[in-house]
Amino acid sequence: MLYSRYFIPTIKETPSDAEVVSHQLMLRAGMIRKLASGIYNYLPLGLRSIRKFENIVREEMDRSGAIEMLMPSVQPAELWQESGRWAFYGKELLRFKDRKDAEFCMGPTHEEVITDMVRREIKSYRQMPINFYQIQGKFRDEIRPRFGLMRGREFIMKDAYSFDVDSSAADLSYTKMFDAYMRIFERCGLNFRAVEADTGSIGGSSSHEFMVLADSGEDAIVSCDACRYAANVEKAESPLFTAGYDSNNEPLQKVSTPDMKTIADVAAFLNVAADQTVKTLVYASDSGELVMALLRGDHELNELKLKNHLGWDEIQMATEEQIFACTGSPVGFLGPIGLVMDIPVIADNVVQGMSSVVLGANEKDVHCINARRGRDFEVTRFADIRTVEAGDACPRCASGKLEMWRGIEVGHVFKLGTKYSKALNATYLDANGKEQVIFMGCYGIGIGRTVAAAIEQNHDEHGIIFPLPIAPFHCSVVAVNTKDAAVMSAAEEIYSHLGKSGVEVLFDDRDERPGVKFKDNDLIGIPLRIVVGSKGLAEGKVEMKIRATGEVLSLPLDEVTATVTQLIDAALAYKK
RNA sequence: CGGUGAGUAGCGCAGCCUGGUAGCGCACCUGCCUUGGGAGCAGGGGGUCGCUGGUUCGAUUCCAGUCUCACCGACCA
């Protein structure tokens, strides 16, 4: 490819509205341009990287036995009404009507469409297991698109759907996909973790997320420093605390705590440690159901855990009116004692081990001390509802401690069970001629997001440092002075040789000063750079610079192609 | 959805308070010069100042509405 005839509109200045490095660099390197909020054009260079990654995904999906197809992005409302998600999915689902006033949506995911196809076509146990995948554009009307391709509204996704005769066969399909995902991200040279995750609006029984580690990641994850346990913080289990139950049997006592509304205030005022207090929160469902949650004072509630524990669709903090209605108290002095309304009191498991505590008295400016569960207040039930913290003991192994990371979710695998197949009546006949419900799994990879995450993890102050497997070109050839005939003809020859050897090479033949070319080449992150200049040429040599390490080699002209192809082969080789 | 801020040349911004000929840097075009880390000189093109309405002799500037975009937040009890 001739740089002068190609299209790489680089930008010197950092665009003001790009927050994260990958977004800035993708704009500056001329990979993407914004069309509307969360909607991007993929320029030629960006597309090349995207295609590279797509092909790795494609190869590994094919290797695992999945079958590629393509589904439409516009989907009829009926399917979504049938699965029940038309009402459930909310505003993220972009809905519209056609000229006949029939309702449609832009597909944010394709469980309904694929299940509809499968229920029509898959009738026998003999046709399974089967796994369909596609690489396709999706649309989700995100609350707040940001970070460029990281959280766009329109985005490219690989999604796969497996269909099996029963739960254990489905587990096998899940494992195959899990392994394929490991290979995919390993092949890209990414530093990532597979973590246990919540299933969210997709539903299903269990799932793992694949997280590329990066400080700019939107998710917090924990992993054990001793065993293989790793989980999204949304999901991470809290280890059981064994607390010393103190035998102190002081009577419950009310104390005045004027204007002390936070745990920190109260603990400091009463001169007790925060872990001797109980934090009381009130949550409401979308239908107005209320529930009280109790946590150790220094712990944080995990709303998702509470929501899942309750089986609610939505959860939010109760309003001051709702709180007053059930406790008779203003916010800041809540507690489980003397409730006005009979609402469930869910206490975190840790509270079970607490003996004599400080908590709100449900009365303005008053807290209780020496409150004892069983004597002074009751708990409806205990559950794991707190957010884990770095340094917590591992919930799985005896010796480990949890470490915390930020991660970018690039892949997600779910065991769906029969959620969609039941709703859409996707069944088959088993060997006995008996009708059975199909077991499903679904598996997504954010294509654009993975490329962005790779940049997030591989860059320096000069620009992108593409891992070779997803680099838009393997190698560039820079002619230092295009007016120098000897330099140009040598550069052209190298370019042509490399091309014939199957190297994807970008020939920077522009009539620009060398500095400009070097800066652009660094910015767009081509892994290898051959520089042809008059000085080196006089000795029959050119220079090769490795972008990632900065290493510079002087090569005789006739060794260039061999050296380059060797480096590329090594970088692309994938050991299982 | 709530809060804040911003829309002026392709990009980054000034001007607006105090109304009267729209400016700077980069980019772009032409010429000269230059060629190993975003050079220099000279000349040049490019704007319905987001949109709609109002006030005014006159609005980029003041007022109202509207659209778009960005950032922050969606917590604490």
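Not measured: the values here are computed from a predicted model. Every chain is numbered from 1, with letters handed out A, B, ... down the list of sequences.
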Looking at [options], which one has an atom nearest to any side-chain atom of [X]?
X	options	answer
A:V531	B:G36, B:G38, B:G37	B:G36
A:E543	B:G38, B:G36, B:G12	B:G36
A:L334	B:A70, B:U35, B:A77	B:A77
A:E19	B:C72, B:G38, B:C75	B:C72
A:S37	B:C75, B:A70, B:U35	B:A70
A:E303	B:C75, B:G37, B:G25	B:C75
A:V516	B:G37, B:G36, B:G38	B:G38
A:E300	B:G36, B:C76, B:C26	B:C76
A:K483	B:C69, B:U34, B:A77	B:U34

Span that lies between the [atom1] atom of [M] and that of [N], in whole angstrom:
N	M	atom1	value
B:A39	B:U48	C1'	38 Å
B:C41	B:C24	P	16 Å
B:G15	B:G54	P	29 Å
B:C29	B:G19	C1'	36 Å
B:C1	B:C57	C1'	46 Å
B:U61	B:G46	P	24 Å
B:G3	B:A77	P	24 Å
B:C16	B:A6	P	14 Å

Looking for any heavy atom pair under 4.0 Å, which part of the strands does [X] touch: base, sugar-phosphate only, or nothing?
X	value
A:R510	nothing
A:D484	nothing
A:V478	nothing
A:I263	sugar-phosphate

Side-chain N,O (A:K34) to OP1/OP2 (B:C69) below 4.0 Å: no
Ignoring backbone atoms, test whether A:R513 places a side-chain nitrogen or oxygen under 4.0 Å from the OP1 or OP2 oxygen of B:U34. no
Calculate the interatomic distance between [X] atom [atom1] and [N] atom [atom2]; express it in whole Å.
X	N	atom1	atom2	result
A:K12	B:G37	NZ	P	15 Å
A:E13	B:C24	CD	C1'	12 Å
A:E218	B:G73	CD	P	12 Å
A:D259	B:A77	CG	P	15 Å
A:Y283	B:A77	OH	C1'	10 Å
A:K535	B:G37	NZ	P	8 Å
A:H462	B:G38	NE2	P	12 Å

Heavy-atom closest pair (A:L339 atom, A:I343 atom, distance to 0.1 Å) is CD1-CG1, 4.1 Å
With distance as the sole criterion, do the side chain of [X] and the base of [N] form a donor-acceptor contact below 3.5 Å?
X	N	answer
A:K545	B:G36	no
A:R146	B:G73	no
A:E512	B:G38	no
A:D520	B:G38	yes

Can you tell me which residue pairs pass the side chain to side chain donor-acceptor pair (under 3.5 Å) test with a partner in residues 538-560 of chain A, sequence neighbours excluded? A:D460-A:R547
Residue pairs, two or more places apart or on separate chains, that pass side chain to side chain donor-acceptor pair (under 3.5 Å) and touch residues 474-487 of chain A: A:S476-A:N521, A:T482-A:D511, A:K483-A:D511
Under the ring-ring contact (aromatic ring centres under 6.0 Å, His included) test, residues paired with A:H412 that sit two or more places apart: A:F414
Sorted by first residue and then second, give each ring-ring contact (aromatic ring centres under 6.0 Å, His included) pair with at least one member in residues 137-156 of chain A; sequence neighbours left out. none
Under the side-chain contact (heavy atoms from CB on, under 4.5 Å) test against A:L506, which residue among A:L45, A:I524, A:L2, A:V478 passes? A:I524
Test ring-ring contact (aromatic ring centres under 6.0 Å, His included), reference A:F507, set A:Y3, A:Y6, A:F473, A:Y495, output is A:Y495
Looking at [N], which nucleotide sits across from it as a Watson-Crick or G-U wobble partner, both distances under 3.5 angstrom, or is there none?
N	answer
B:C26	B:G10
B:C1	B:G73
B:U52	B:A64
B:G40	B:C32

Salt bridge check, A:E363 against A:K254: does any charged N sit closer than 4.0 Å to a carboxylate O? yes
Closest-nucleotide 5' rank along RNA chain B - winner of A:F147 and A:M317: A:F147
Return the 5'-most residue of the pair A:L301, A:R28 with respect to RNA chain B, ranking by each residue's nearest nucleotide. A:R28
Under the 6.0 Å and 45° cation-pi test, does A:R95 pair with A:W80? no
Any chance you could measure A:R406, atom CZ, to A:S216, atom OG, to the nearest 0.5 Å? 9.0 Å
Which pairs with one or both residues in residues 330-354 of chain A pass salt bridge (Lys or Arg N to Asp or Glu O under 4.0 Å), sequence neighbours excluded? none
Using a 4.0 Å heavy-atom cut-off to protein, can you give one letter per nucleotide of nucleotides 40-47 of chain B, 5' to 3': B if the base is in contact, S if only the sugar-phosphate is, - if neither? --------
